[in-house]
Amino acid sequence: MAFGRLERRATPQPMSEINMTPLIDVMLVLLVIFMITAPLIASSLKLNLPRADAATPANAPLAVNVAIAPDGQLFWEGRAVTLQALGTQARLSAQANPQTEVQLRADRSVPYGRVAELIGAVQAAGLSRIGFVTEPPAAAATSASNTR
């Protein structure tokens, strides 16, 4: 009775192909990470908001974020838009729900005329609820002391 072969083979040849599975797994993980972080990085708009001792912001069920950068560029929900495109977006939001609140973030250095122009465009589109977003005085003092 023979339980195995008596003949011996030569040692197996080394594998000459690269295993692509781990490389593909790593690339897919990196792709997912970049897909998640890219919108967060692109939407971060640095504004020097005015300080005010105001009431805490109301959590409106429907709200849109509008920002004015120091150079006067307008942003609707984090995307750069022109005044006409902003008016169109505001009109669409007003048609969907006239009680939509516009949360306005304007840099300190933006001229009042530019802010008034934006408010006029939003109101002409049919949105009358406008909230001005400011920085609380305590947070402003803390950030000023951290920069020294």
Side-chain angles (χ1 to χ4, degrees), residues 1-52 54 56-111 114-115 117-119 121-122 124-127 129-148:
M1 290 191 145
F3 290 104
R5 296 185 179 198
L6 297 176
E7 58 190 57
R8 297 266 182 200
R9 290 187 180 204
T11 58
Q13 293 291 329
M15 202 166 122
S16 63
E17 296 177 9
I18 296 175
N19 187 359
M20 295 297 290
T21 305
L23 179 64
I24 293 171
D25 289 345
V26 169
M27 294 305 291
L28 288 175
V29 168
L30 288 175
L31 177 67
V32 169
I33 290 171
F34 285 124
M35 286 173 54
I36 291 172
T37 58
L40 299 176
I41 293 171
S43 67
S44 63
L45 180 63
K46 303 292 184 201
L47 294 176
N48 186 13
L49 295 174
R51 287 184 221 128
T56 58
N59 291 334
L62 290 172
V64 293
N65 293 314
V66 177
I68 306 176
D71 61 356
Q73 176 68 43
L74 301 174
F75 292 87
W76 177 273
E77 292 293 334
R79 290 177 284 125
V81 293
T82 63
L83 187 62
Q84 293 77 21
L86 188 132
T88 304
Q89 290 290 336
R91 196 171 302 107
L92 292 173
S93 292
Q95 288 172 355
N97 186 356
Q99 294 300 317
T100 301
E101 180 179 307
V102 176
Q103 294 180 349
L104 177 61
R105 290 171 169 81
D107 193 86
R108 265 188 210 173
S109 62
V110 174
R114 185 71 173 156
V115 175
E117 188 178 81
L118 172 68
I119 292 172
V122 168
L127 295 176
R129 296 183 61 180
I130 300 173
F132 293 90
V133 180
T134 60
E135 186 176 305
T142 304
S143 65
S145 65
N146 290 341
T147 57
R148 292 182 188 170

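On a predicted model such as this, the values are computed, not experimentally measured, just so you know. Count residues from 1 along the sequence. Both backbone and side-chain heavy atoms feed into the values below; hydrogens, waters and symmetry mates do not.
- The CE atom of Met20 sits 4.5 Å away from the CG atom of Leu23 when rounded to the nearest 0.5 Å.
- The CG atom of Leu74 lies 6.0 Å from the CG atom of Leu118; values are rounded to the nearest 0.5 Å.
- Checking side-chain atoms of Gln73 against main-chain N and O of Val81 turns up a donor-acceptor pair under 3.5 Å.
- Taking all atoms of both residues into account, the shortest heavy-atom contact from Asn19 to Pro22 is O-CD, 3.5 Å.
- Put simply, the side chain of Glu77 gets close to the backbone of Asn65: a donor and an acceptor are under 3.5 Å apart.
- Distance check: Asn97 CG to Leu92 CG gives 13.0 Å after rounding to the nearest 0.5 Å.
- Minimum heavy-atom separation, Pro70 to Ser109: CB-OG, 3.6 Å.
- A pairwise comparison of heavy atoms in Ser93 and Trp76 identifies OG-CZ2, 3.5 Å as the closest pair.
- Residue-environment remark: CG (Leu31) exceeds the threshold of 12 foreign heavy atoms within 6.0 Å.
- The minimum heavy-atom distance between Ala125 and Ala90, with the atom names listed, is CB-CB, 3.5 Å.
- Here the CD-CD1 distance, from Gln103 to Ile130, works out to 11.5 Å after rounding to the nearest 0.5 Å.
- The CG atom of Leu62 sits 10.0 Å away from atom CD of Glu101, with the distance rounded to the nearest 0.5 Å.
- Rounded to the nearest 0.5 angstrom, Asp71 CG and Asp107 CG are separated by 9.5 Å.
- Considering only heavy atoms from C-beta on, Val102 stays 4.5 Å or farther from Ile119 through its side chain.
- Taking all atoms of both residues into account, the shortest heavy-atom contact from Ala69 to Val110 is O-CG2, 3.3 Å.
- Ala106 and Val115 make their closest contact through CB-CG2, 4.1 Å (heavy atoms, listed as atom of the first residue, atom of the second, distance).
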